[in-house]
2 protein chains.
Amino acid sequence: MKNRITLKELAKLLNVSVSTVSKALNDSPEISPKTIQRVKELAALHKYRPNPTAVNLKSSKSGTIGVIIPNISNAFFANVLSGIEAQAQKEGLQVITYISNESWEEEKKIVEMLATGFVDGVLIAIAEETQRKKEFGHIQNLIDYDIPVVLYDRIDFDMTVDKIGVDDRKIFFDATKYLQTLNLKKIGIATSIHHMGVGKLRITGYKEALASKEDFFIANSAKPDSLREKLLKLMLQDKVDALLCSDFESTMMAYRLAFENGLGIPKDLKIVGFINGKLARYLAPSVSYVDQKPERIGENAMILLKKRINNPNEKGRDTQIVETELVHLESTASA
Amino acid sequence: MKNRITLKELAKLLNVSVSTVSKALNDSPEISPKTIQRVKELAALHKYRPNPTAVNLKSSKSGTIGVIIPNISNAFFANVLSGIEAQAQKEGLQVITYISNESWEEEKKIVEMLATGFVDGVLIAIAEETQRKKEFGHIQNLIDYDIPVVLYDRIDFDMTVDKIGVDDRKIFFDATKYLQTLNLKKIGIATSIHHMGVGKLRITGYKEALASKEDFFIANSAKPDSLREKLLKLMLQDKVDALLCSDFESTMMAYRLAFENGLGIPKDLKIVGFINGKLARYLAPSVSYVDQKPERIGENAMILLKKRINNPNEKGRDTQIVETELVHLESTASA
DNA sequence: CTGAAAGCGCTTACAG
DNA sequence: CTGAAAGCGCTTACAG
């Protein structure tokens with residue numbers, strides 16, 4: 001059953017040339033309708049499909065794009081990928097996924113591979129370690145090779161490249177302001193990503209909203225044990241009224257620690273989290289969360305990349321901001 | 001910066017033939033050490049990388065495999081993908097992901113595309129709708145085309161093909177037996193995937209463990225509202241002592257409904273769930289869960305596929321079972 | 001309207 | 001040890 005039929009074999013069976021078969025299948029006006037029909041019928045009979053590799057070689061396009069994901073276990077990135085996939089299918093592009101595991105070295109290896117021109121374009125969310133090391137040479141190199149690149153989600157970097165993400169500063173600014181309207185005095189934040197661009201911006205937004213009107217209450221650590229300690233201090237000593245949580249880890253840890261220490265949510269402590277909506281609604285109590293619209297980010301990232309692939313010589317670079325939404329559930333309900 | 005250098009251009013610069021350059025770069029013994037060195041130096045200088053598309057065309061291999069995922073928001077599949085990726089990288093293969101969204105039609109479209117020989121092999125977890133319709137023609141067709149295929153996770157189908165998954169019947173059999181050792185009388189199950197192969201097997205395991213010693217308590221529905229109602233009946237009317245939950249939806253809904261109705265976990269109700277370990281530990285109380293070892297499934301699926309790609313003519317087909325683990329957390333703690 | 005030829009960028013048997 | 005030629009499966013300018 002193996003061995004797909006080729007143009008050459010079709011041509012032989014039809015007693016015409018390879019060129020004629022090729023043109024007929026592509027509905028060339030050069031070919032007579034009668035021949036087109038004959039060719040197409042036999043092609044259908046044999047289930048002919050052009051060899052994509054050969055087509056790619058001719059067109060010097062690969063028909064694929066590379067997507068670098070720092071951590072696929074993170075539901076946010078899984079959903080972004082879902083949006084990318086859906087849009088790529090519409091564009092007729094294949095998506096090759098790479099997982100950097102937040103590692104600079106793995107990311108570098110992937111990017112260098114992609115720099116060989118393996119794909120028509122690249123979508124990348126920059127790894128945590130890369131941000132920490134501030135070593136962006138490999139990314140810059142990719143851009144310099146004129147391979148279309150779009151940064152998604154993690155976009156707070158000084159590179160001339162298309163970007164799409166959310167306004168992290170504004171999200172926390174607005175969320176803090178919202179909590180203030182509930183007459184909460186002590187508003188704190190919890191984060192395990194304070195060393196990343198998006199994490200920093202969220203802290204900035206929080207600070208700007210509070211201005212110097214109140215004290216800052218910040219629990220920040222990438223290490224679970226240390227984050228736990230700092231959170232406990234905020235909850236039990238400082239007795240904050242509300243916690244803005246910047247990521248999955250800090251949201252779930254706040255939720256869990258409230259339970260362990262008998263703090264009622266929202267009675268004793270209000271929580272706003274960064275987790276996906278499906279989970280947020282199942283928690284008990286349900287947790288108000290920031291909907292980052294991951295599918296939309298993915299979809300628009302793909303559209304942006306496709307645009308750049310089609311217009312490689314355009315000079316300007318876009319930065320797109322996707323609107324987010326603060327979804328109010330039980331964890332911020334007023335008495 | 002664009003336009004990667006080709007063999008032909010290197011050859012011109014070196015005043016040798018294309019063949020010589022090609023052979024030199026591949027360390028052919030036909031070529032003198034001196035020439036090899038000259039060629040490699042210039043290639044390095046120009047950062048020459050062979051065009052993968054051309055190499056693939058020659059070798060009639062694509063160096064890529066296709067992975068079909070029913071639903072990437074499901075943490076289980078995200079983690080399987082992670083395992084696949086890691087192993088693929090070791091094997092030097094690219095992974096093209098496709099998301100079927102549990103849809104028969106989308107799956108069929110993807111599979112037909114892959115049947116053109118676009119990839120060297122395919123890993124697939126069969127979509128829910130496909131299972132419901134019992135329409136496996138497209139999958140069988142892929143197999144008939146001699147494209148190496150490995151079914152992962154959802155493997156309870158009568159096809160001559162390599163498979164890798166867990167023993168779903170045994171998992172629920174053992175879990176039920178375990179709950180019996182806690183002296184629980186009324187053990188129920190909750191599932192929203194009872195129409196799928198893995199779901200059916202889990203129910204079978206539960207029934208076999210109980211034998212006819214007790215009544216069966218089963219809440220099964222793919223519709224949230226209906227599942228909620230059935231679960232409430234089990235919890236409030238039948239007053240089951242424990243619930244085995246078969247998937248994310250039913251686990252989280254049981255957790256949430258216990259909270260809404262003032263049932264203490266584990267005091268009034270014990271729960272065993274199918275969710276990922278990270279989440280399970282953060283819940284309040286933490287929920288005992290079945291660790292399906294998704295990374296290992298992905299990794300071994302990739303190994304199995306690679307083996308089949310390398311030995312296309314071997315006749316036998318493997319079914320690999322990955323060992324799972326019931327992790328005991330607070331939700332099944334005894335008083 | 002049809003076909004021979006060149007070419008995409010490689011590899012490899014074969015000749016010298 | 002080096003190179004000319006054929007070929008992987010296509011597409012497309014060009015000739016007839």
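Letters A, B, ... mirror the listed sequences (proteins, then strands); counts begin at 1.
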So B:N26, base contact, sugar-phosphate only, or nothing? Heavy-atom distance under 4.0 Å. sugar-phosphate

Canonical and wobble pairing (Watson-Crick, G-U, under 3.5 Å) of DNA chain C, dot-bracket with |: |||.||||||||.|||

Looking only at atom P, what distance separates D:dG7 and C:dA4, rounded to whole Å? 16 Å

Base, sugar-phosphate or nothing for A:P52? Non-hydrogen atoms, less than 4.0 Å. nothing

Return the orientation label for the B:F77 and B:Y152 ring planes: parallel under 30°, perpendicular over 60°, tilted otherwise. perpendicular

Would a distance-only check, ignoring hydrogens and angles, find a side-chain to backbone donor-acceptor pair under 3.5 Å from B:N141 to B:G137? no

Report yes or no: do B:S32 and B:T35 form a side-chain donor-acceptor pair below 3.5 Å? yes

side-chain contact (heavy atoms from CB on, under 4.5 Å) involving A:E41 - partner list, sequence neighbours excluded: A:Q37

With the threshold set at 4.0 Å, does a side-chain nitrogen-carboxylate oxygen contact exist between A:D27 and A:K40? yes

Touch class at under 4.0 angstrom, heavy-atom based, for B:S28 against every strand present: nothing

Between A:A54 and B:P29, whichever has its closest DNA chain D nucleotide further toward 5' is B:P29

Under 3.5 Å, is there a donor on one side chain and an acceptor on the other for A:E85 and A:Q89? no

N-O pairing of A:K133 and A:E102 below 4.0 Å: no

Does the side chain of B:D120 come under 3.5 Å of the side chain of B:S62 through a donor N or O and an acceptor N or O? yes

Contacts under 3.5 angstrom, residues 106-113 of chain A side chains, donor-acceptor by atom type, not counting sequence neighbours:
unit_1	atom_1	unit_2	atom_2	d
A:E106	OE1	A:N101	ND2	3.4
A:E107	OE1	A:T130	OG1	2.8
A:E107	OE1	A:H138	NE2	2.8
A:E107	OE2	A:A127	N	2.7
A:K108	NZ	A:E112	OE2	3.2

In residues 18-25 of chain B, which ones come under 4.0 Å of DNA chain C, going by heavy atoms? B:V18, B:S19, B:S22, B:K23

Taking any atom under 4.0 angstrom from a heavy atom of chain A, which nucleotides of DNA chain C are the first and last to qualify, 5' to 3'? C:dC1 to C:dG9

A:D318: which residues meet the side chain to side chain donor-acceptor pair (under 3.5 Å) condition with it, sequence neighbours left out? A:K307

Check ion pair B:E128-B:R154 (N to O, under 4.0 angstrom): no

